[in-house]
Amino acid sequence: MFDMTVLKHYSIALPSGLTTDKSKEKFMEMLLWFASAIGLSWFMAYTRASLSTYTLSFTILMVIGSVFQLVSFTGWLVFALIATPLNVASFRKEYITKPLLKMFKGIMPEMSQTEKEAIDAGTTWFDADLFRGNPDWNKLHNFPKPRLSAEEQAFLDGPVEVVCQMTDEWETTHERADLSPEVWQYLKDNKFFAMIIKKKYGGLEFSAYAQSRVLQKLTTVGSTLASTVGVPNSLGPGELLQHYGTKEQQDYYLPRLVNGKEIPCFALTSPEAGSDAGAIPDFGVVCKGEFEGKEVLGMRLTWDKRYITLAPVATVLGLAFKLQDPDGLLGEEKDLGITCALIPTDLEGVKVGRRHFPLNVTFQNGPTQGKDIFVPLDYIIGGPEMAGQGWRMLVECLSVGRAITLPSTSAGGIKTVALATGAYSRIRRQFKLPIGKMEGVEEALARIGGNAYMMDAVTTMSTGAIDLGEKPSVISAIAKYHLTEKMRSCVTDSMDIHGGKGICMGPNNYLARAYQGAPVAITVEGANILTRSMIIYGQGAIRCHPYVLAELEAAGNDNFEEALNNFDHALFGHIGFATSNILRSLWMSLTGSRLVGAPFNDPTKRYYQLMTRFSTNLAMLSDIAMLTLGGDLKRKERISARLGDILSHLYLASATLKRYNDEGRQVEDLPLLQWAVEDSLYEIQKAIDELIANFPNKFVGIALRAIILPFGTWLTKPSDKTDHKVARILQTPSETRNRIGQGQYLKREEGNIVGQLEQTLDDILAAEPIFDKVCQAVNQKLPFYRLNEVADIGLEANAINESEAQLLRKAELGRKAAIDVDDFDSIDLAANKSLFEKIKKSQEHAA
Ligand SMILES: Cc1cc2nc3c(=O)[nH]c(=O)nc-3n(C[C@H](O)[C@H](O)[C@H](O)COP(=O)(O)OP(=O)(O)OC[C@H]3O[C@@H](n4cnc5c(N)ncnc54)[C@H](O)[C@@H]3O)c2cc1C
């Protein structure tokens, strides 16, 4: 039955009591049977087998054990005692599920209506796969790559380029504190504010991907232009009307929004309610009143809003307020809840016009107030039946809009910054070397290059999801948070690389306004600390988890029978899922996840293996956190934030791998992919390590570490070698470099500083060998400046020809423009010029 010499060979000691060969053989059979039982359990759990498959497999194993007289009657009794209650539904529900359901109801975290609506809004997509511990990488790569239609491409090549040419960022931000009237008119005439509006109303009806590309390109010339276009196409009257408006409202407003007759804004935030927008104190009271000479059923509105983008120039105000019906004119409900209405700003008593000054990014933004203003109920978006539906409307629209505007402007900004910084680093020399060749600068350049590659990947994949019909609420929060954060850190890196050139403001500074404006993107559409601490994981855990939402819904179901059935199904699925994730995590830790399958057998293989491992770890950590912390998890924001970080970085890295694949797996792009994915993997490991170290229950923390990080942390940040390769890519013209800046406004023409910088990079690279020729001819190491003089020396020494001399002169002009900064007369910098003149005169007088 069993060859005992094998054991001797491996020096396995047998218990001393086993004296005969027969008893030894029996012992070995028993050992083998137990090993099979453990292996089977492991396999079943690893592959997430159902309870019935589990039971059937073990029954077969028990029968085999009985045939070989290894399983006694007691063994069958124990098996029956475990298997019967689990498999006999009525017994299981009565004696296991019911008490657990009662306990669950007791500890279930309380959820406000606004939280519930926020969680219900939107859909899940590949985020759910990443959350569930076993992502299907082929599914990721099979999602179609988003593409532009001919019409969308023509818009990008036509009107978008024209408005980029027309916009002067210095004039906009410093001299006018607004876009020029010509730019405003051009935007209206060319339907820039109607990208989301359907064709039947005259709008452009662009895909989410096309909108993203437009915003990215506009960001090349400045964030005032991009924000002005972004906001009406994001959450606001246009979006709300199309989804929820009555036919009359749609027919009236949408064509007017398309042709620019109406400028919309959306007013939710008030001084008392910023992040906690559900707590707005602004209110409306349903009552009868006179409107345009007739008595109608309406509401009296009072509001005090601030930070409202486009409010100072808006003609129609999308207003969020809480509607009350104390006299029961609409029904029995007295507090109807958050409601959205469209209020014409020329209505008597509506205050708009004053402006805030958001960090020198001078898009129109300001407060609005109204007191006791009577409007008909027809002003509610969707009419009176949509009273009280405002919050749901907002969160549903936000689940889409948040994935487009801010992620796109952030990605567009950094794509431009990446090229400009790469070019500048190659042009600017110190210590007789281009600064981009210095290792310290390479480190910062690599962060910019790797992130630019990833950020573009994330906007493409997220907008692609929207175009596939998703409303990806978790993904939109991930994209908003991480891309605005990456934008802020990359702009800071770029400022450091530019030194004084970045700091001195003026028409030639292409960086400082982005640096100033970075916190605006961090703050709006869900301030970032809140987004990371609550929204990403808070929504992710409930929406992406395969069983938690079903458990919560069952626990909240007043029909006990139905609740019990649903809870029973979810609970046992959940137990199997959780057990599987623990065993999978341990297995992958012990094997270093090297046995995990990957869709490609190339340098990316390891990334897929590690991401599957971390995805499993996330699923496990999530369950353990929910099980041990229960409702407290909501308040343990730092635990929630770190779980969210794991999910986020899995998503960011997935988008990057998808981009690499969609672009034809270009080997030259590999350093960019490696930088981005390795950075994310490192961040995931850090989040896991910190989470375990800070886990509220220390014993659980120790157990988690033993399962997930038994050999400690091992991943490092991208290597110096990878940094070096990415830095080189940014400084050397190539197809790979072009792909980083794809779609940006880089025309090499007068007035486009970044385009001119691109030209100068080419010129400098072409000038360098000519410069070397001159140095060789005169046997002298000349400094790499005053290249026009170097040209003269070269001509005189007959070392170069006239066209080479011309190239040196051209390179010098570009080089000087690239390194020069602006200077001003004092009066030009004074905001209050008359005060300045007065002081100057009195000083002259005194002198
Ligand atoms: C330039 C600009 C344009 C805007 N445009 C519009 C617009 O068009 N329409 C509109 O309605 N609103 C608009 N807003 C409002 C914007 O969406 C809010 O400012 C934002 O939601 C934050 O509110 P707050 O500034 O009052 O910060 P607060 O809510 O006071 O928050 C302060 C800090 O506390 C953090 N925080 C709050 N709660 C939590 C929590 N539970 N956990 C962890 N951290 C938390 C936040 O993340 C933030 O860091 C705009 C704001 C600005 C600055």
Side-chain angles (χ1 to χ4, degrees), residues 109 112 114-115 118 173 177 193 223-224 226-240 263-282 303-314 316-321 338 340-341 343 345 352 354-369 390-391 393-395 397-398 401-402 405-406 409 476-477 480-481 484-485 488 513 516-539 633-642 644:
S112 66
T114 48
E115 276 176 307
T173 56
F193 300 138
S223 32
T224 303
S227 309
T228 304
V229 172
V231 168
N233 285 297
S234 183
L235 177 66
E239 178 82 341
L240 293 170
I263 295 291
C265 70
F266 189 76
L268 171 66
T269 306
S270 82
E272 304 307 333
S275 301
D276 188 9
I280 42 171
D282 315 284
W303 73 89
D304 178 11
K305 305 284 193 184
R306 66 176 182 185
Y307 304 154
I308 309 306
T309 301
L310 292 186
V313 294
V316 57
L317 190 72
L319 185 72
F321 54 92
I338 294 180
C340 298
I343 313 296
T345 54
V352 286
R354 291 192 64 75
R355 289 180 66 177
H356 300 304
F357 193 21
L359 289 164
N360 281 320
V361 185
T362 48
F363 61 91
Q364 295 282 341
N365 181 280
T368 167
Q369 294 92 14
W391 189 252
M393 288 156 62
L394 294 180
V395 286
C397 290
L398 203 58
R402 195 151 44 187
T405 312
L406 291 166
T409 50
S476 63
K480 190 273 164 176
Y481 174 83
T484 54
E485 289 292 337
R488 173 159 67 175
R513 290 295 190 221
Q516 282 183 310
V520 175
I522 301 291
T523 303
V524 301
E525 291 193 6
N528 273 9
I529 296 179
L530 165 90
T531 302
R532 173 171 178 254
S533 313
M534 276 181 76
I535 298 179
I536 296 176
Y537 183 73
Q539 285 196 354
L633 182 54
K634 201 168 125 186
R635 285 171 286 279
K636 286 275 170 209
E637 287 193 347
R638 300 198 66 185
I639 300 284
S640 177
R642 289 174 182 126

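Start at 1 and go down the list; that is how both ligands and their atoms are numbered.
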field: Steps toward side-chain contact (heavy atoms from CB on, under 4.5 Å) verdict (Leu394, Phe266)
entry: CA-CA 10 Å; Leu394 294 180; Phe266 189 76; 3.3 Å; yes

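- In this model, no donor atom of one side chain and acceptor atom of the other lie less than 3.5 Å apart for Ser270 and Trp303.
- A 4.5 Å side-chain heavy-atom check between Leu317 and Thr368 finds at least one atom pair inside the cut-off.
- Proximity annotation for atom 53 (C) of ligand 1: of Val524, Ile280, Ile529, Leu530, Val524 comes nearest, heavy atoms only.
- The two residues Gly538 and Ser640 have their closest heavy-atom pair at N-OG, 4.3 Å.
- Side-chain contact between Arg488 and Ile522 is present, with heavy atoms from C-beta onward closer than 4.5 Å.
- Between Tyr307 and ligand 1, an N or O atom pair is found at a separation short of 3.5 Å.
- The nearest protein atom to atom 30 (O) of ligand 1, hydrogens excluded, is given as Ser275 OG, 5.0 Å; this is a heavy-atom distance.
- Taking only non-hydrogen atoms, the option from Gly274, Ala267, Ser270 nearest to atom 24 (P) of ligand 1 is Gly274.
- Inter-residue side-chain proximity for Lys480 and Leu398 is flagged as unmet; no heavy-atom pair is nearer than 4.5 Å.
- Here the protein heavy atom with the shortest distance to atom 46 (C) of ligand 1 is Ala527 CB, 3.6 Å.
- Atom 10 (C) of ligand 1 lies below 4.0 Å from at least one non-hydrogen atom of the protein.
- Contact of the Asp282 side chain with the Lys305 side chain is registered, since non-hydrogen atoms from C-beta on lie closer than 4.5 Å.
- Under the 4.0 angstrom criterion, atom 39 (C) of ligand 1 counts as having a protein heavy-atom contact.
- Ranking the protein heavy atoms by distance from atom 42 (N) of ligand 1 puts Glu637 OE2, 2.8 Å first.
- Between His356 and Ile308 there is no side-chain heavy-atom pair separated by less than 4.5 Å.
- Within ligand 1, counting atoms from 1 as listed, the ones closer than 4.0 Å to a heavy atom of Phe363 are 1 (C).
- When side chains are defined from C-beta on, Ser234 counts as touching Glu525, because their heavy atoms get closer than 4.5 Å.
- The residue from Val361, Thr531, Thr269 that puts a heavy atom closest to atom 15 (C) of ligand 1 is Thr269.
- Nearest non-hydrogen protein atom to atom 20 (C) of ligand 1 is Thr523 O, 3.5 Å.
- Near Leu268, the atoms of ligand 1 lying under 4.0 angstrom from a non-hydrogen atom of the residue are 10 (C), 11 (O).
- When heavy-atom distances to ligand 1 are checked against a 4.0 Å cut-off, Phe357 has no atom that comes that close, whether in backbone or side chain.
- Using a 4.5 Å cut-off on side-chain heavy atoms (C-beta onward), Val316 and Ile263 make no contact.
- Residue Ile308 has at least one heavy-atom neighbour below 4.0 Å for each of these atoms of ligand 1: 7 (C), 8 (O), 9 (N), 10 (C), 11 (O).
- When Thr409, Asn528, Thr531, Val520 are each tested for a side-chain contact (heavy atoms from CB on, under 4.5 Å) with Thr484, only one passes: Asn528.
- Ranking protein heavy atoms by distance to atom 8 (O) of ligand 1, first place goes to Thr309 N, 3.0 Å.
- In this structure, the protein non-hydrogen atom closest to atom 41 (N) of ligand 1 is Met534 SD, 3.2 Å.
- Proximity of atom 34 (O) of ligand 1 to the protein is not indicated, since no non-hydrogen protein atom lies closer than 4.0 angstrom.
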query: Does the side-chain contact (heavy atoms from CB on, under 4.5 Å) test come out yes or no for Val524 and Leu406, once each step is laid out?
result: CA-CA 9 Å; Val524 301; Leu406 291 166; 3.6 Å; yes

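- Close contacts between ligand 1 and Val520 involve ligand atoms 1 (C) [criterion: under 4.0 Å to a heavy atom].
- Contact record, Gln516 with Leu359: O-CD1, 3.3 Å, taken as the closest heavy-atom pair.
- When distances from atom 50 (C) of ligand 1 to the protein are checked, a heavy atom turns up under 4.0 Å.
- For atom 17 (O) of ligand 1, the closest non-hydrogen atom of the protein is Glu525 N, 3.6 Å.
- Looking from atom 3 (C) of ligand 1 to the surrounding protein, the closest heavy atom is Asn365 ND2, 3.1 Å.
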